[in-house]
Amino acid sequence: MTDEEELAAAFEDQRSYLHAMAYRLLGSHADADDAVQEAWLRLVRNGAEGIGELRGWLTTVTVRICLDVLRRHGVRREQPLELEVGMLPRDAVWEAGADPEQEVLLSESVGLALYVVMDVLTPAERVAFVLHDVFEVPFDGVAAILGRSTAATKMLASRARGRLRAGVAAADTAGREVVDAFFEAVGHGDVDRLLTILAPDAELRGQTPRGVFTVRGAREIAGQATLFRNARARLHPALVDGAPGAVITIGGRPTTVVAFTIVDGVITTIRSMTDPARLGQVVPAWVG
């Protein structure tokens, strides 16, 4: 194997990690691909000579490329993914009302993304938060990438957490009353109440271990309300892709993730997943 082939193989070993990081910073797979490709081109121009630790070098280069993009174009509002069941393992569930001092540590291997008002952060805040809280890069490493002191970088991450939690609370408020009313009606088996909460042409899209299903129409969905009823179930209000939703647990184990699309005060779409294998991937361990 030639030196160039060895360098390419070493880079490919890091590609998924670099893409995941760039994606969280830029909010777009296409932009993340471009950033990772640019990192590869810079590696080719630089060569391996003088690089002590390739992963760290590539992290620094990729993040700085992303910073340039964010500063050049501004931090854009992220486009929430349509929560199709096949894409759910990439999505994040963030429980509303968590302890403000609790750090959100998400596993890189799970591939979770934070689709929650990330546009409220400055580029530097976003980098400090994503690298430290999501990818567990030590603060001194983040500081070196940003060209700031470790203390200043810690402040950036702390400020980012505060802004994100405030943003989550604000985003969650708008539809929470409707969602609460839905689950209250479900709990009481109140079909008439459900019909006032659901749009006439509402859709329920779901995934179970047996496959995907779709239920159309408010009355039909109301008739399926027992899907969400269980005396032992505990409801955790949550944001799913930045939309109001819930994580349902039984005995501390997540059994269902539900997301709602709300238009003009009524529910137009309900997206649910009850596949245990996928739930084990997408729900943070501290939900429960």
Side-chain angles (χ1 to χ4, degrees), residues 1-82 86-87 89-92 105-116 118-150 152-153 156-157 160 164 241:
M1 183 179 291
T2 66
D3 290 344
E4 184 176 338
E5 288 173 335
E6 289 180 355
L7 189 63
F11 179 82
E12 286 303 317
D13 287 342
Q14 303 299 325
R15 182 183 289 276
S16 61
Y17 161 75
L18 296 173
H19 183 276
M21 182 172 55
Y23 177 49
R24 283 152 181 77
L25 291 171
L26 300 176
S28 161
H29 285 295
D31 288 345
D33 285 338
D34 290 344
V36 173
Q37 182 63 20
E38 176 61 24
W40 161 245
L41 294 175
R42 294 188 187 185
L43 177 61
V44 170
R45 290 195 295 267
N46 182 86
E49 187 176 352
I51 298 178
E53 200 272 311
L54 183 62
R55 186 183 181 98
W57 189 91
L58 287 171
T59 296
T60 298
V61 169
T62 303
V63 171
R64 287 178 176 169
I65 291 169
C66 293
L67 268 173
D68 288 342
V69 173
L70 292 171
R71 288 166 176 163
R72 187 165 61 247
H73 299 296
V75 179
R76 298 162 297 176
R77 180 175 298 277
E78 302 203 43
Q79 300 300 313
L81 291 179
E82 179 65 16
M87 302 183 73
R90 285 187 174 272
D91 302 327
L105 298 175
L106 302 179
S107 169
E108 167 199 344
S109 62
V110 173
L112 295 177
L114 298 174
Y115 294 102
V116 280
M118 288 284 281
D119 58 305
V120 302
L121 305 184
T122 67
E125 288 171 346
R126 181 177 267 197
V127 167
F129 175 79
V130 170
L131 263 63
H132 181 267
D133 286 38
V134 179
F135 290 93
E136 302 183 54
V137 177
F139 275 124
D140 56 353
V142 182
I145 293 173
L146 289 172
R148 305 197 183 200
S149 69
T150 300
T153 302
L156 284 171
L164 283 174
D241 280 357

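Source: prediction; values computed, not measured.
Atom-to-atom distance recorded for Asn46:CG and Ile51:CD1 is 4.5 Å, nearest 0.5 angstrom. From Phe139, atom CZ reaches atom CG of Leu131 across 10.5 Å, with rounding to the nearest 0.5 Å. A distance of 5.0 Å separates CH2 in Trp40 from CG in Leu7, rounded to the nearest 0.5 Å. To the nearest 0.5 Å, atom OG of residue Ser16 and atom CE of residue Met21 are 11.0 Å apart. Thr62 OG1 to His19 NE2: the interatomic distance, rounded to the nearest 0.5 Å, is 11.5 Å. Note: Leu70 CG to Thr122 OG1 = 9.5 Å, rounded to the nearest 0.5 Å.
In this structure the side chain of Val61 never reaches within 4.5 angstrom of the side chain of Leu43, judged on heavy atoms. Put simply, the side chain of Ile65 reaches to within 4.5 Å of the side chain of Arg42, judged on heavy atoms. A 4.5 Å side-chain heavy-atom check between Val142 and Leu156 finds every atom pair outside the cut-off.
Here Trp57 pairs with nothing under the ring-ring contact (aromatic ring centres under 6.0 Å, His included) rule; sequence neighbours left out. Here Glu12 pairs with Arg15 under the salt bridge (Lys or Arg N to Asp or Glu O under 4.0 Å) rule; sequence neighbours left out.
Summarising the geometry of Arg24 relative to Val130, their closest heavy-atom pair is CB-CG1, 3.8 Å, with the distance given to 0.1 Å. Between Phe11 and Leu18 the shortest heavy-atom distance is CE1-CD1, 3.9 Å. When every heavy atom of Ala124 is checked against every heavy atom of Leu146, the shortest pair comes out as O-CD1, 4.0 Å. When all heavy atoms of Ala35 and Leu26 are compared, the pair lying nearest together is CB-CD1, 4.3 Å. Nearest heavy atom pair, residue Phe129 against residue Ala160, reads CB-CB, 3.8 Å. Nearest heavy atoms, Ala152 versus Ser149: N-OG, 3.0 Å.
Within the 3.5 Å criterion, the main-chain N or O of Ile145 finds a donor-acceptor partner in the side chain of Arg64.
Under the 4.0 Å criterion applied to side-chain N and carboxylate O atoms, Arg148 and Glu125 are not assigned as salt-bridge partners.
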